[in-house]
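Scroll down for the structure; my scribbles are underneath it.
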2 protein chains.
Amino acid sequence: MKYAAKIEVSLRPGHRNPEGETTTRSLVELGYKVTAVEVSKVYTVFFEAATPMEANAKAEEMSKRLLANPTKDNYTISIVEQK
Amino acid sequence: MKYAAKIEVSLRPGHRNPEGETTTRSLVELGYKVTAVEVSKVYTVFFEAATPMEANAKAEEMSKRLLANPTKDNYTISIVEQK
């Protein structure tokens, strides 16, 4: 079966977020009353797996092995079966 | 009132996606049956606005002026009022 895993990777609280800080500054310079910006990344991975449970386990593995840095990132996974 | 706008910026179909291609290759090398990876970015912007309608209009402006490239990006906005 074909699955899509939507994996959102974000910085854990307490880690510096230079891109968010720069974006905040730019938006303030443009005149918006912005107090903070958080930046995260979403990977939508299209892949094969036998069952939804296996798809979820594989997406978890991919996150740990490649997509997220376990020291500084949090991640969330949602799985959709493709028709 | 305080609002958070979650603005997801993704590449329009047909535009090259080098980060997704590299990620696909890496996941295949790690042994996963991955056929494609799409990458998008989520900006969560915390800011002041008078009403939800104004918050939405401002988030739309921020997307057009700074966060998304109108030539190659799509974006979606969702607004949450902060308590």
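Chain naming here is simple, since letters A, B, ... match the order of the sequence lines and numbering starts at 1 in each. From a predicted model like this one, the values you see are computed outputs, not experimental measurements.
The stretch residues 56-65 of chain B places B:Lys58, B:Glu61, B:Met62, B:Arg65 near chain A, each with some heavy atom under 4.5 Å from a heavy atom of that chain. Inspection of non-hydrogen atoms places B:Glu19 of residues 11-22 of chain B under 4.5 Å from chain A.
Using a 4.5 Å cut-off between side-chain heavy atoms of Ile, Leu, Val, Met, Phe, Trp and Tyr, with links allowed through other members, A:Val42 and A:Phe46 fall into different hydrophobic clusters. Linking ILVMFWY residues whenever their side-chain heavy atoms come closer than 4.5 Å, directly or via other members, places B:Ile79 and B:Ile7 in the same cluster. Hydrophobic clustering, with ILVMFWY side chains joined whenever heavy atoms are under 4.5 angstrom apart, keeps B:Val80 apart from A:Val39.
Among B:Tyr3, B:Tyr32, B:Phe47, the residue with the largest count of heavy-atom pairs under 4.5 Å with chain A is B:Tyr32.
Using a 4.5 Å cut-off between heavy atoms, A:Lys2 does not touch chain B at all. The contact between A:Tyr43 and chain B is made by backbone and side chain atoms together, counting heavy-atom distances below 4.5 Å. For A:Thr23, the parts lying under 4.5 angstrom from a heavy atom of chain B are both the backbone and the side chain. Contacts of A:Leu66 with chain B are made by side-chain atoms alone, with heavy-atom separations under 4.5 Å and no backbone atom involved. Only the side chain of A:Leu67 comes within contact range of chain B, with heavy atoms under 4.5 Å apart.
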